[in-house]
Amino acid sequence: MRNSPDKSSPGRRLLNLTPWACAIAVAMASALSPVQAQSQAQKSSGGGPILLFPGAGGANDNSQAGAPAAAPRGIQVDRLDAGAIDSLGILDVADGGLGYDLWRGSSRDEILRLIPLLPAEPSTPARRSLAVRLLLSSAAPPSADSASAQVAGADAAPSTQPGLLSVRADRLLAMGEVAGLRELLRVIPQNRGQSPDLAKLSAEAAFLAEDNEQACATVRNSVGLYPDDEFWNEALIYCQIIAGDTDAAALGTDLLRERGGSHPDFVLLASALLGYGKAPVLETSRPLDIAMLADLKALPADDNSLPPAALGLRLAAASPLERAAIAEAAAETGALSGLELAQLYREISFTEAELGAALSLAPTMTEGTRIRALLFQAAERPGLPAARAELLQVFLQDGRSNALPLATARAGAALVDALPPSPELAWFSAVAGKILLLEGRSEGAAAWLTLARRQAVGSAEARAAAVALQPYAQLAGLDSSRPAAGSWQEAWAESASEEDEILLGILLQSLGQGPEPDWGRLIAGADTRATGTAEGGSGPLTAAIYGAQTAARGGRRGEAVIFALIALSPAAAASATDPLVLGPSIAAVAASGLDRPAQALAIEAAYLADL
């Protein structure tokens, strides 16, 4: 049975590992089973929160602080009231938090209604980063509505409405941010106790992290406190199975079966773990069921219908090629980092002959993930910079043609960073500059931009690269002090399509830059867009966009971010690059004082659109 206590150390720190980095790092070690590997990784990394998006500064902060950071233990005080509990977080502004006044001006009921609407699976890394930073930020809770405030008093009955901390924690689990959730729960004072919701989330997150010692301690402490919730009886039986107390577990399972009322899948899973029958084939989203399926080695690694929180266990159960394929999809949305995807590419075996002939061999292969792993490994080998750049370019092109532009860009970023911006690579400047800007490395991108422009006089390829990189230079603010920037802008506009001009114009205006787009052209083509007609658009999407704009104008930062993320979610917007959605959504984020997150969203959108 899995029993690997989390050894996460306290203190303020940034880890460049995602919640599943540990599972990946050791699941690849041939000497360890997947379960042993993940246990060892948790011990080695601490399972702590991670740098979700490079260059993600806090509110009104243009520093390179990332998120999430480790929990500041200084806020663990002896006694906190409900409002202070709701204010707890693990990110302040220096760590990438969105500011202690995040909820200023917003009503409590509205925020409690909006947070569950945040997408469980944001479609891009920058959007995921912003959502997680919002949920992990230390911030004064929003004010209660007047009607609610009138009934709140010392003699009032306890509210059945979940607290803000509970709602934030629940959304983190839904997003699969298990490590960040566990850090958030750790800052609750130990003698304060947890609400039923938070206690359950704590146990579920520990089970998913394979920290069965902590999970079962929570279960034993809670089973008598919350007798009306059948979850605790089920979890206790699972803990008895883990501890080898099969007689007690079998008796408990029989009682649940006879009494009824438990989750229908639980008895099947418990019986299988006790040796009675085979592991059932289930469609489940319950963390307890997922942990039990993993124990039975019956968790389908290739099942994309499993919730995001199951990602770590899926990776541990998969083969090297399956892990890389799962990781590609996860890295595209930011659930895994590019560094983690790169490591999984390296675990796929190739011969020296295959690596040496990668460019000619790749077109003859049929397995997409294996093709990209071959190209990546070949580009990583020592060799002439020009040859490595060509392999990288093909690798990135293959990723874009297979709907993985962000995943491959982030996996290849370290390889791009290792290439020198030298004259023989001027043709590669546009590719290199875009990738580095995606990663928040503006200084490196500026070096490639300068190279391309200097070489443009005598090289058509260098000129084309300089022109292609131009819109990214504008979005990143690299041209603000360059006197010749206008001519490059004109050169790009001469060859750009109308759609690209409109998109760039909207992105620039959303960041407070550039002239106003030609709205007449935009509106004329709007009736063919997935978001609806120029006369109105789709109801929920329109409401989210206007909600974001209204909240931003009112200085309600947190509310504006939530509305913007809802508008940018896959369920609301059919296209991740629709300018009708991107413009007002990013503008609302920027207007809330979050300049760096807004810039990250804009650059990411430009890259997705292959601007």
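In this structure, NZ in Lys297 is found 12.5 Å from CG in Leu293, a value given to the nearest 0.5 Å. Distance check: Trp448 CH2 to Leu425 CG gives 4.5 Å after rounding to the nearest 0.5 Å. Rounded to the nearest 0.5 Å, atoms CD (Gln393) and CG (Leu359) are 10.5 Å apart. Atoms CG and CD, on Leu475 and Gln470 in that order, are 9.5 Å from each other to the nearest 0.5 Å. Considering CE of Met175 and CG of Leu173, their distance stands at 11.0 Å, rounded to 0.5 Å. With rounding to the nearest 0.5 Å, the separation of CZ in Arg323 from CD in Gln343 is 10.5 Å.
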### Candidate pair Leu438 and Glu604, rule side-chain contact (heavy atoms from CB on, under 4.5 Å), full reasoning
CA-CA 6 Å; Leu438 269 178; Glu604 189 178 69; 4.3 Å; yes
#### Entry: Derivation of the side-chain contact (heavy atoms from CB on, under 4.5 Å) call for Leu582 and Leu568
CA-CA 7 Å; Leu582 288 166; Leu568 292 169; 3.9 Å; yes
### Message
Walk me through whether Leu392 and Leu375 qualify under side-chain contact (heavy atoms from CB on, under 4.5 Å).
### Response
CA-CA 7 Å; Leu392 261 175; Leu375 292 167; over 6 Å; no
### Task
Could you walk me through whether Ile502 and Glu498 pass the side-chain contact (heavy atoms from CB on, under 4.5 Å) test, one step at a time?
CA-CA 6 Å; Ile502 290 172; Glu498 179 179 283; 4.0 Å; yes
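With hydrogens and angles ignored, the 3.5 Å screen pairs a side-chain donor or acceptor of Tyr472 with a backbone N or O of Leu611. Judged by distance alone, with hydrogens and angles left aside, the side-chain atoms of Glu340 form a donor-acceptor pair with the main-chain N or O of Ser337 at under 3.5 Å. No donor-acceptor pair closer than 3.5 Å links the side chain of Asn402 to the backbone N or O of Leu404. Judged by distance alone, the side chain of Gln377 and the main-chain N or O of Ile348 form a donor-acceptor pair under 3.5 Å. The closest donor-acceptor contact from the side chain of Glu332 to the backbone of Leu406 lies under 3.5 Å. No donor-acceptor pair closer than 3.5 Å links the side chain of Ser459 to the backbone N or O of Ala456.
A salt bridge links Glu380 and Arg346; the closest N-O separation between the charged side-chain nitrogens and carboxylate oxygens is under 4.0 Å. A salt bridge between Arg314 and Glu322 is absent, with no side-chain N of the basic residue lying under 4.0 Å from a carboxylate O of the acidic one.
Ser137 and Gly97 get closest at one heavy-atom pair: OG-CA, 3.4 Å. When all heavy atoms of Ser585 and Ala564 are compared, the closest pair comes out as O-CB, 3.7 Å. Residues Thr408 and Phe395 come closest through the heavy atom pair O-CE2, 3.3 Å. For the pair Leu437 and Ser442, the tightest heavy-atom approach, listed with the atom from each and the gap, is CD2-CA, 3.9 Å. Smallest separation of non-hydrogen atoms from Ala378 and Ala358: CB-CB, 3.6 Å. When all heavy atoms of Leu130 and Pro597 are compared, the pair lying nearest together is CD1-CB, 4.0 Å.
Residues Arg453 and Leu449 have side chains in contact (heavy-atom distance under 4.5 Å, counting atoms from C-beta outward). Residues Leu507 and Leu511 are not in side-chain contact: their nearest non-hydrogen atoms beyond the backbone lie 4.5 Å or more apart. Side-chain contact between Val589 and Leu565 is absent, with no heavy atoms from C-beta onward closer than 4.5 Å. For the pair Ile371/Pro363, no side-chain contact is recorded, criterion being any heavy-atom separation below 4.5 Å from C-beta on. Residues Leu504 and Trp492 form a side-chain contact, since some pair of their non-hydrogen atoms from C-beta on lies under 4.5 Å apart. For the pair Pro125/Thr333, no side-chain contact is recorded, criterion being any heavy-atom separation below 4.5 Å from C-beta on. With a 4.5 Å cut-off on side-chain heavy atoms, Leu299 and Leu306 count as touching. In this structure, the side chains of Arg370 and Phe350 come closer than 4.5 Å at one or more pairs of heavy atoms.
Sorted by first then second residue, the salt bridge (charged side-chain N to carboxylate O under 4.0 Å, His left out) pairs that include residues 413-423, not counting sequence neighbours, are Asp417-Arg441.
Around atom CZ of Arg381, more than 12 heavy atoms belonging to other residues, nucleotides or ligands sit under 6.0 Å away. In this structure, Arg463 places its CZ atom where only 12 or fewer heavy-atom neighbours from other residues, nucleotides or ligands lie under 6.0 Å away. In this structure, Glu354 places its CD atom where more than 12 heavy-atom neighbours from other residues, nucleotides or ligands lie under 6.0 Å away.
Remark: Ser422 engages Glu424 in a side chain to side chain donor-acceptor pair (under 3.5 Å) (not counting sequence neighbours). In this view, Glu121 satisfies the salt bridge (charged side-chain N to carboxylate O under 4.0 Å, His left out) rule with no residue, not counting sequence neighbours. Under the salt bridge (charged side-chain N to carboxylate O under 4.0 Å, His left out) criterion, Glu494 pairs with no residue at all, not counting sequence neighbours. Checked against salt bridge (charged side-chain N to carboxylate O under 4.0 Å, His left out), Arg400 has the following partners two or more places apart in sequence or in another chain: Asp610. For Asp398, the salt bridge (charged side-chain N to carboxylate O under 4.0 Å, His left out) partners are Arg372, not counting sequence neighbours.
In summary, the side chains of Tyr345 and Glu328 do present a donor paired with an acceptor at a separation below 3.5 Å, with no hydrogens or angles considered.
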